Amino acid sequence: NGGGTVTLPGGNISRTTRGDSLVVGATKVLDRDNPGNIPFYLRNNLKWTDFALSKVFFNTGGLSIILLGDSYIEQENISTEFKKLLQEKMSLSGPGFLQVKDIFRYPNTAGVPNSLSASGWTVRGMTGTPMGRGLSMHSVVSGVSSTPFYWLPQSQTSTMNIWNTIELWYYGQAGGATLTVEIDSVNVGSVNTSTLSGFQKATFTVAINKQHSVKVTPSGAGAEILGFNTFTSGVNGVRANAVGQTGAKASHYLSVDTSIWNKQFRALNPNIVFLNLG
């Protein structure tokens, strides 16, 4: 942070006001974030992205990006085009995080039924009591006479929407119901949301990597779903996770359940985050 000198054999290395730059002796400048040794490295703040992108390019690792913000992110005005641009240059590893409430309205739904079946489900939002516990500040909770909801992500043919693994994110709490998951009309398993507490996730994997239909059926009331994380396992690619809500302000993000929100945010393991509010 601009101060201090470390004594080393053969001379001193001083940290300068440039932050990461190290001055060796009187003339030599050594800076891991400035490989060109120029006075100011314009891409200094992208050092982690550069590193991750090189891993994708050489097929040795992946890159996770979070697009966080308001309606421009929720309605994929930005994030869809962002993914298309990425796809032109890099391999993608799936759609990433999908907000459960948005499966009601926006992308990735088609056919019959063509939306999430809202009967018997309560939507918790970013205002009111209780607030939603989801990463997007929304969650859905099953009611007494809950019906299953269907998710048919067949509306887009782009390979950015193909996947073979889905994580069902839920909130564990006493009195929760069991959720049974079907992929392409095949029962792939279930999870009892009352067994564990707090943010939890259950992973289901299928053999074929493509766009899939999903059906989730609750056994009764009390199952709270926070979202879905969809990806292609075993692929070193880029994943862009869209997390936005119409009308969201910084104050809304500050008012969420920090413990639950942070755990979900970290579960996406982001290398870089783009914030769009305003």
Side-chain angles (χ1 to χ4, degrees), residues 52 55-56 59-67 76 79-80 82-83 86-87 90-103 106-111 116 134-136 139-140 148-172 178-193 195-196 198-218 223-243 263-272:
K55 291 170 65 178
V56 173
N59 197 29
T60 60
L63 168 62
S64 176
I65 297 172
I66 291 182
L67 302 168
E76 299 211 338
S79 48
T80 295
F82 185 82
K83 292 178 183 180
L86 281 173
Q87 192 176 30
M90 290 282 178
S91 59
L92 300 186
S93 57
F97 180 74
L98 297 174
Q99 303 169 157
V100 64
K101 181 180 71 70
D102 285 347
I103 299 174
Y106 290 121
N108 306 314
T109 57
L116 227 138
L135 181 62
S136 58
S139 58
V140 295
F149 69 71
Y150 303 84
W151 168 33
L152 300 167
Q154 305 295 324
S155 63
Q156 299 180 34
T157 58
S158 172
T159 54
M160 67 173 126
N161 293 307
I162 65 175
W163 51 271
N164 63 14
T165 303
I166 182 171
E167 292 176 351
L168 189 162
W169 288 16
Y170 67 94
Y171 185 77
T178 296
L179 294 170
T180 300
V181 180
E182 296 178 38
I183 300 178
D184 301 331
S185 301
V186 176
N187 188 328
V188 294
S190 61
V191 57
N192 186 346
T193 66
T195 302
L196 301 173
F199 164 55
Q200 304 294 333
K201 54 184 179 180
T203 304
F204 305 96
T205 302
V206 292
I208 301 176
N209 190 43
K210 65 171 189 175
Q211 296 184 40
H212 299 277
S213 63
V214 179
K215 178 182 178 181
V216 180
T217 306
E224 185 168 357
I225 300 177
L226 306 174
F228 298 94
N229 186 23
T230 53
F231 55 93
T232 302
S233 59
V235 171
N236 294 318
V238 181
R239 193 180 313 160
N241 306 281
V243 183
K263 288 178 180 177
Q264 296 173 81
F265 184 85
R266 292 175 186 273
L268 296 178
N269 194 28
N271 300 90
I272 188 169

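Predicted model, so just to flag it, every value in this text is computed and none were measured. Counting begins at 1 with the first residue of the sequence.
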Ser139: side chain to side chain contact (heavy atoms under 4.5 Å, CB included) partners, not counting sequence neighbours: Arg124, Glu224, Leu226
Result of checking Phe228, Phe265, Trp169 against Phe97 for ring-ring contact (aromatic ring centres under 6.0 Å, His included): Trp169
Only counting residues at least two apart or in another chain, list the ones meeting side chain to side chain donor-acceptor pair (under 3.5 Å) with [X].
X: Asn209; result: Thr232
X: Thr178; result: none
X: Glu182; result: none
X: Thr217; result: none

Ring pair (Phe, Tyr, Trp, His ring centres under 6.0 Å) partners of Phe204, counting only residues at least two apart: none
For [X] against [Y], the heavy-atom pair lying closest together:
X: Val243; Y: Gln99; value: CA-OE1, 3.1 Å
X: Pro218; Y: Pro148; value: CD-CA, 4.2 Å
X: Ser79; Y: Ala242; value: OG-CB, 3.8 Å
X: His212; Y: Asn164; value: NE2-CA, 4.5 Å

Spacing of Ile162 atom CD1 and Lys210 atom NZ [to the nearest 0.5 Å]: 11.0 Å
Distance (rounded to the nearest 0.5 Å) between Lys263 NZ and Gln200 CD: 8.0 Å
Could you check [options] and say which one makes a side-chain contact (heavy atoms from CB on, under 4.5 Å) with [X]?
X: Trp163; options: Asn161, Ile166, Thr165; answer: Ile166
X: Ile66; options: Asn241, Asn269, Asn271, Ile272; answer: Asn241
X: Asn229; options: Lys201, Arg239, Gln264; answer: Arg239

Sidechain-backbone polar pair: [X] side chain, [Y] backbone, donor-acceptor under 3.5 Å:
X: Ser93; Y: Val235; answer: no
X: Lys83; Y: Pro95; answer: yes
X: Thr193; Y: Gly172; answer: no

Residue pair Val206 / Asp184, side-chain heavy-atom distance below 4.5 Å: no
Minimum side-chain heavy-atom gap Leu135-Leu268 below 4.5 Å: yes
Donor-acceptor pair between Thr60 and Asn236 side chains, under 3.5 angstrom: no
